Amino acid sequence: MHGASNPRVFLVNPSDSAFGTAVITPRWLYVLAAATPAEFGDPILIDETLERSAPDAFGPGDIVGIGIHTANALRGYALGKLARSRGAHVVFGGIHATLYPEEAHRLGSATAVVKGDGDLVWAQVLRACRDGAPQPVYAGGHVEPDEFRPARWDLVPRKRYMWASVQTVRGCPKHCSFCSVWRTDGQRPRQRASDAVVEEIVQLRRLGFRFIALADDNFYPVTLTDLKLAERQGNAARLRELQSIRAERFELMARLAKLPSDMVFFTQITMEAAEDDEFLDAMHAAHIKGALVGVESVTRAGLKDVYKDFNSAGDELIARLQNFRRHSVFVLGSFIFGLPSDDPDTFTATAAAAQQAQVALAQFVMITPFPGTVDFDRWEKMLGADCPTIAGVPITRRWLIPPHLRPKLYWPHPHMSPEEIRSRTQGVWDTFYRLPAIWQRSSFIHSWRGRFLFTLISKIYRQMYADTGIATDSARVSWSARWARLLGKACRPLFAGRPMPDLEVPLYEGQGSGGALADLPAQ
Ligand code: SF4
């Protein structure tokens with residue numbers, strides 16, 4: 001029910017391209033929907049990766065929440081200006097608004113900006129807008145895990161997404177130079193209790209979602225090395241803290257293992273998990289079938305370039321990646337090109353390593369300094385007052401450059417031109433995603449249906465990312481977008497599961513029996 005004196009609340013996920021169907025649910029929409037007090041009624045959710053919002057969607061007095069990251073900031077600002085011109089209050093949040101609140105005011109006509117987590121502060125912002133007294137900036141800070149809002153999955157248009165997303169931990173103890181997570185979400189892992197996570201997952205399975213992304217910064221926050229170090233230092237308090245985080249991970253995985261066997265989880269993890277056989281076994285039992293692993297570089301010098309010395313290179317790298325596969329956890333390897341130590345041979349060596357390590361999927365990105373990272377700060381400082389401009393915009397504010405004028409590479413390389421790096425990167429994508437190579441990689445799947453699905457996923461992934469992300473040829477980009485849209489539509493039903501409205505929440509050993517799960521038919 002919508003309160004008579006309360007304004008309508010919109011939550012908008014901006015996007016320049018709409019595919020009709022989307023791969024993953026934008027979790028923040030459903031979390032902020034849960035954080036919206038009942039007196040405002042159900043918020044209206046608009047995900048522009050599905051379809052564009054109507055120009056007359058917003059009206060006087062409405063409150064429009066827009067979540068932005070760097071890639072969709074410009075579209076977000078256009079929406080902000082539109083909504084404000086129609087008399088609505090406009091509130092920006094998300095990582096980009098957290099880093100550049102003044103930009104959201106100046107270019108997006110913000111009434112208010114929320115920095116940090118919105119889980120708790122959102123209710124306060126809504127009431128202040130309604131009462132006509134919003135502050136320009138709200139500090140949401142880092143919310144403690146027991147205060148994370150579970151998402152309002154009752155509002156999701158189930159048939160339009162392939163994967164749902166659930167968060168189990170925020171923050172990452174590492175400090176990679178190209179990543180903003182440890183600086184924005186903090187280095188202390190904020191881990192949700194297994195009850196909260198499992199309840200959300202069961203709710204999703206009841207609705208028919210069986211593919212779920214565990215949208216975590218790092219699913220493996222405590223490594224065996226961390227434990228050994230605390231032990232060696234005789235730091236009993238630290239050791240206890242680490243052991244308890246690790247024990248909670250195992251508790252969560254033990255409960256996920258009791259879910260129907262057709263569930264598929266995917267997460268993001270550091271390569272160090274490869275040395276932890278017990279953890280990998282638990283992941284496999286928990287239906288965590290795949291993980292994005294930041295390999296970044298196949299050379300020791302490249303790893304040094306990005307402050308990721310804890311990764312392996314050479315033969316040790318191949319062995320570690322293969323260990324994931326031995327435990328039936330399939331890897332989406334992420335590789336970066338354009339590092340200062342890269343040369344033309346790096347591209348061939350990387351393509352060969354990805355193939356040899358038997359990673360199921362791979363992404364090859366060109367190094368880009370992202371706001372909020374150490375790399376970005378160094379780059380901005382290096383350019384100083386001489387920063388080049390495009391269409392009057394300094395390249396250190398590249399997200400404000402009209403998309404068709406944006407360069408593909410920003411980081412200067414000691415001996416390769418941007419075009420050389422771009423075309424060699426495209427070449428590695430093309431080699432890795434050749435149909436025969438994909439089919440060969442799919443051999444770990446035993447059913448024809450599964451292999452077909454894997455091939456389609458590989459093709460969609462490549463079309464959505466490689467061509468639209470790094471190609472310079474506009475015909476290729478629009479052909480790819482059309483192709484991805486068609487494939488996405490065709491594939492979505494393959495991801496749907498049979499709704500299980502009676503599914504019960506599995507308990508942890510010691511909490512009692514697994515309830516109705518024991519009676520579920522095999523999938
Ligand atoms: S790249 Fe991964 S491991 Fe490195 S800081 Fe970011 S989340 Fe952590």
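For ligands, and for the atoms within them, numbers begin at 1 and follow the listed sequence. The model shown is predicted, which means the values in this text are computed figures rather than measured ones. Below, all heavy atoms of this structure are taken into account, side chains as well, without hydrogens, waters or symmetry copies.
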- Note on the structure: Closest heavy-atom approach to atom 2 (Fe) of ligand 1 among Glu272, Lys308, Lys174 is made by Lys308
- Have Thr168 and Arg249 got a donor and an acceptor in their side chains that come within less than 3.5 Å? yes
- Query: Going by the angle between their ring planes, with limits at 30° and 60°, are Phe495 and Trp163 parallel, tilted or perpendicular?
  - Reply: tilted
- Quick one: does Gln363's side chain have a donor or acceptor within less than 3.5 Å of a partner on Ser334's backbone? no
- Closest protein heavy atom to atom 6 (Fe) of ligand 1, given as residue, atom name and distance to 0.1 Å: Cys179 SG, 2.3 Å
- Count the heavy atoms belonging to other residues, nucleotides or ligands that lie under 6.0 Å from NE2 of His142, then report whether that count exceeds 12. yes
- Under a heavy-atom criterion of less than 4.0 Å, does Thr270 contact ligand 1? yes
- Message: Closer than 4.0 Å to some heavy atom of Trp182 - which atoms of ligand 1 meet that?
- Response: 5 (S)
- Among protein heavy atoms, which lies nearest atom 4 (Fe) of ligand 1, and at what distance? Cys176 SG, 2.3 Å
- Is the Phe335 ring parallel, tilted or perpendicular to the Phe364 ring (thresholds 30°, 60°)? parallel
- Task: Could you label the plane-to-plane angle of the Trp399 and Tyr100 rings as parallel, tilted or perpendicular, counting under 30° as parallel and over 60° as perpendicular?
- Result: tilted
- Message: Under 4.0 Å from a heavy atom of Asp217: which atoms of ligand 1 are those, numbered in the order shown and with their elements?
- Response: 7 (S)
- Query: Has Cys172 got an N/O/S atom less than 2.8 Å from atom 6 (Fe) of ligand 1?
  - Reply: no
